[in-house]
K.L.:
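Encoded as structure tokens, here's the structure I'll be asking about.
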Amino acid sequence: MNIRALVHVIGLILMAVSAAVGVSSLVALWYGDGDFVPLLVSTAIPMVVGFAAYRSTRLDRELRVREGYAVVSLAWLAVGIAGAVPYLLAHTVSSPVSALFESVSGFTTTGATIFEELEKLPHGILFWRSLTQWLGGMGIIVLGIAILPYLGVGGMQLFRAEVPGPTPERLQPRIAQTAKLLWIVYAGLTAAQVLFYLLGGVGLFDAVAHAFTTLSTGGFSPHTASLAAFSPYIQYVTIVFMLLAGINFAHHYRALTGRPGVYARDPEFRFYLAVLGGAFVVVLVTVWLGGSYATLGFERAFRDSLFHVVSITTTTGYVSHDYELWPFGAQFLLLLLMFVGGMSGSTGGGMKVVRLNILMRHGFAELRKSINPRAVIVTRVGRRAIREDVLLNVLAFVLLYLSLFALGVLVLALLGHDLATAAGAAAAAIGNIGPGLGKVGAVDHYGWMDPGSHIVLVFLMLVGRLEIFTVLLLFHPDMWRSAHFART
């Protein structure tokens, strides 16, 4: 393991985080809420540490596979720690663990918060919360590859370790160029959403903050009531952009460059819409027949059902209504949707639509083999045959995902939480969703939990954001012994 290379790259990433905190300090200066000095000091700390790490080391050769995985995992942990400093220095949290929880929740775009009343926070801190999600949405490492060209040396190792999905997709031969194109699309859609918000009468601060946390599928809002504080127009605009954020950003690039048919041709996209459409119909029928919207009207039931199905499935985590007041059938369906996630190459969390599509089709193929044992039946998604190595990867991922979820529920239950809260919190953390069930539901927060529970959830958030393998490989003995990893 080339430790100097790891320290070098992490130092650069920390300097980038420092610049982001600097932007937040300017917002604090503009609003004059008293958090300018804490944010200014928070700018200096990661800058000094990052610069010292960068100057004392160098990146003198291409990163190997194991170094790529190590850089991504350790960089995300370092960024989470650096992002916690503003909360501590601004005295908005009671402990370092709480600050770490809020920071990691932001960068992993989970959206679980420890704050009970967000309106009491100064504007600089609120902006920092939103900015952490926007940076984490497309990925800290992908951003580094995009803006630091010489990180293209070994850049594919970083890109592969961080970008969600079974296999990373290139738009250009050079991985740095792919990262730039993805960030251009990401920033363009963010600007478009800000414009639609402004046209709907939303103030500039709220427009930018919510656009940051929508395109990143993060769900942090400057308002305790989340999107329930806004008009139906704003909620419908948010639904559209949550849908877009859950789609592969490579598709958006191709559509914007004259190939809009890429959506319809993609079986994953069609499956994505089928899941959303089917879940929406079931939830709408359930809540309407349940009678809870008798006085609110059908349009409100339609809007809330669509909003929460899209929000939960894309792992954004915004709320427009307390869904824990819905019938248990609708709540259980939302719990299942927490495991779905967006498309591969999107900013959404969860297991990803493509994996579930492959798993389902493989199940049907195995059923057909049971009926016709001598038949040669290939698992296909659309017209594409799924290679055996990809299929095994998907099966292993789903198994590890569900195992970690179950382990998280067990540990949280042992720490004293009821089953609904433990299951909801674990699913929301590993899926990077935010709101769960029980005492961490749609209108609740995580601030009341003990430090041990926060640490468990921080681990689940990081593992979920980095697609499990990236983190767990560091704890596997073969990672350090395998000749393949040593040479690559």
Side-chain angles (χ1 to χ4, degrees), residues 10 14 17 21 24 35 38-39 41-42 45-46 49 73-118 120-122 124-126 128-133 135-136 140 218-220 224 317 349 404-405 407-418 421-436 438-441 444-466 471 474-475:
I10 292 173
L14 286 176
V17 172
V21 182
S24 301
D35 56 338
L39 283 169
V41 175
S42 301
I45 293 174
V49 174
S73 298
L74 297 177
W76 273 84
L77 180 59
V79 164
I81 294 172
V85 175
Y87 299 113
L88 284 169
L89 296 186
H91 301 292
T92 57
V93 296
S94 58
S95 71
V97 173
S98 297
L100 180 66
F101 180 92
E102 192 75 13
S103 175
V104 171
S105 178
F107 280 113
T108 60
T109 72
T110 302
T113 184
I114 62 166
F115 296 116
E116 184 175 2
E117 294 184 64
L118 293 166
K120 292 183 177 181
L121 298 177
I125 292 296
L126 287 173
W128 173 239
R129 291 174 79 244
S130 299
L131 186 56
T132 58
Q133 293 205 321
L135 293 173
I140 299 295
F220 270 165
T224 304
L404 285 170
F405 162 71
L407 180 61
V409 174
L410 175 61
V411 175
L412 290 174
L414 290 174
L415 289 172
H417 301 290
D418 63 87
T421 300
I430 196 170
N432 302 142
I433 299 161
K439 296 179 182 178
V440 291
D444 301 307
H445 61 92
Y446 290 73
W448 58 271
M449 284 185 160
D450 59 282
S453 299
H454 283 160
I455 293 297
V456 171
L457 295 176
V458 163
F459 174 74
L460 290 177
M461 286 189 281
L462 286 170
V463 170
R465 175 59 182 84
L466 295 178
V471 176
L474 296 181
F475 301 96

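Along the sequence shown, residues are numbered consecutively beginning with 1.
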K.L.:
Under a 3.5 Å threshold, yes or no: a donor from one side chain and an acceptor from the other, between E116 and T224?
P.N.:
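No - no donor-acceptor pair under 3.5 Å links their side chains.
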K.L.:
Between L14 and A82, what is the shortest heavy-atom contact and its length?
P.N.:
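Here L14 and A82 meet closest at CD2-CB, 3.9 Å.
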K.L.:
Let me confirm one number: the OG-CG distance from S94 to L88, rounded to the nearest 0.5 Å.
P.N.:
9.5 Å
K.L.:
Looking only at non-hydrogen atoms, find the nearest pair between A428 and G434 and report the distance.
P.N.:
CB-O, 3.4 Å
K.L.:
Going from OG1 on T421 to CG on D444, what distance comes out if it is rounded to the nearest 0.5 angstrom?
P.N.:
8.5 Å
K.L.:
Please report the closest heavy-atom contact between P435 and G441, naming both atoms and the distance.
P.N.:
CB-O, 4.0 Å
K.L.:
Test side-chain contact (heavy atoms from CB on, under 4.5 Å) on I45 and V21; report intermediate values, then the result.
P.N.:
CA-CA 10 Å; I45 293 174; V21 182; over 6 Å; no
K.L.:
How long is the span from the OG1 atom in T108 to the CE atom in M461, to the nearest 0.5 Å?
P.N.:
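Those atoms lie 5.5 Å apart.
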K.L.:
K439 and M449: side-chain contact (heavy atoms from CB on, under 4.5 Å), yes or no, with the steps?
P.N.:
CA-CA 10 Å; K439 296 179 182 178; M449 284 185 160; over 6 Å; no
K.L.:
Tell me whether T110 contacts the main-chain N or O of I433 through its side chain, where contact means a donor paired with an acceptor under 3.5 Å.
P.N.:
no
K.L.:
Strictly distance-based, threshold 3.5 Å: is any side-chain N or O of T92 a donor or acceptor partner for the main-chain N or O of Y87?
P.N.:
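Present.
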K.L.:
Please report the closest heavy-atom contact between P451 and V97, naming both atoms and the distance.
P.N.:
O-CG1, 3.8 Å
K.L.:
Does the S103 side chain pair with the main chain of G80, one donor and one acceptor, at a distance under 3.5 Å?
P.N.:
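Yes; judged by distance alone, with no hydrogens or angles, the pair exists.
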K.L.:
Nearest 0.5 Å, what's the OG-CG distance between S95 and L100?
P.N.:
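Here the rounded value is 9.5 Å.
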K.L.:
Show the nearest heavy-atom pair for residues V409 and A423, with the distance to one decimal.
P.N.:
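Smallest heavy-atom distance, with atoms named: CG2-CA, 3.7 Å.
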K.L.:
Where do G111 and S105 come nearest, in terms of heavy atoms and distance?
P.N.:
N-OG, 3.1 Å
K.L.:
Given the rule in the side-chain contact (heavy atoms from CB on, under 4.5 Å) test, do F115 and V93 qualify, once you have shown the distances and angles that lead to the verdict?
P.N.:
CA-CA 8 Å; F115 296 116; V93 296; 3.9 Å; yes
K.L.:
Looking at P96, S42, P38, which hits side chain to side chain contact (heavy atoms under 4.5 Å, CB included) with V85?
P.N.:
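Exactly one candidate clears the test, S42.
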K.L.:
Name the residue from L462, L460, V456 that meets the side chain to side chain contact (heavy atoms under 4.5 Å, CB included) definition with V458.
P.N.:
L462
K.L.:
Determine whether L412 and L457 make a side-chain contact, defined as any pair of heavy atoms from C-beta on separated by less than 4.5 Å.
P.N.:
yes
K.L.:
Any side-chain to backbone donor/acceptor pair from D35 onto A90? Under 3.5 Å, distance only.
P.N.:
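No, because the side chain of D35 does not come within donor-acceptor range (under 3.5 Å) of the backbone of A90.
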K.L.:
Ignoring hydrogens and geometry, is there a side-chain-to-backbone donor-acceptor pair from W128 to G83 under 3.5 Å?
P.N.:
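The answer is yes, because a donor-acceptor pair under 3.5 Å joins these two groups.
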K.L.:
Measure the CD1-CZ distance between I455 and F101 for me, rounded to the nearest 0.5 Å.
P.N.:
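CZ of F101 is found 10.0 Å from CD1 of I455.
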K.L.:
Is any side-chain heavy atom of R129 less than 4.5 Å from a side-chain heavy atom of E102?
P.N.:
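Heavy-atom side-chain distance check passes, below 4.5 Å.
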K.L.:
Measuring from L126:CG to L131:CG, what's the distance to the nearest 0.5 Å?
P.N.:
12.5 Å
K.L.:
Can you find a pair of side-chain heavy atoms, one from V440 and one from W448, that are under 4.5 Å apart?
P.N.:
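They are in contact (side-chain heavy atoms under 4.5 Å apart), so the answer is yes.
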K.L.:
Donor-acceptor check, side chain of N432 to backbone of G218, threshold 3.5 angstrom: yes or no?
P.N.:
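Checking the backbone N and O of G218 against the side chain of N432, no donor-acceptor pair under 3.5 Å is found.
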K.L.:
Look at the rings of W76 and F107 and say which category their plane angle falls in: under 30° parallel, 30 to 60° tilted, over 60° perpendicular.
P.N.:
perpendicular
K.L.:
Do H454 and V104 pass the side-chain contact (heavy atoms from CB on, under 4.5 Å) test, and can you show the C-alpha distance, the side-chain angles, and the key distance before you say yes or no?
P.N.:
CA-CA 11 Å; H454 283 160; V104 171; over 6 Å; no
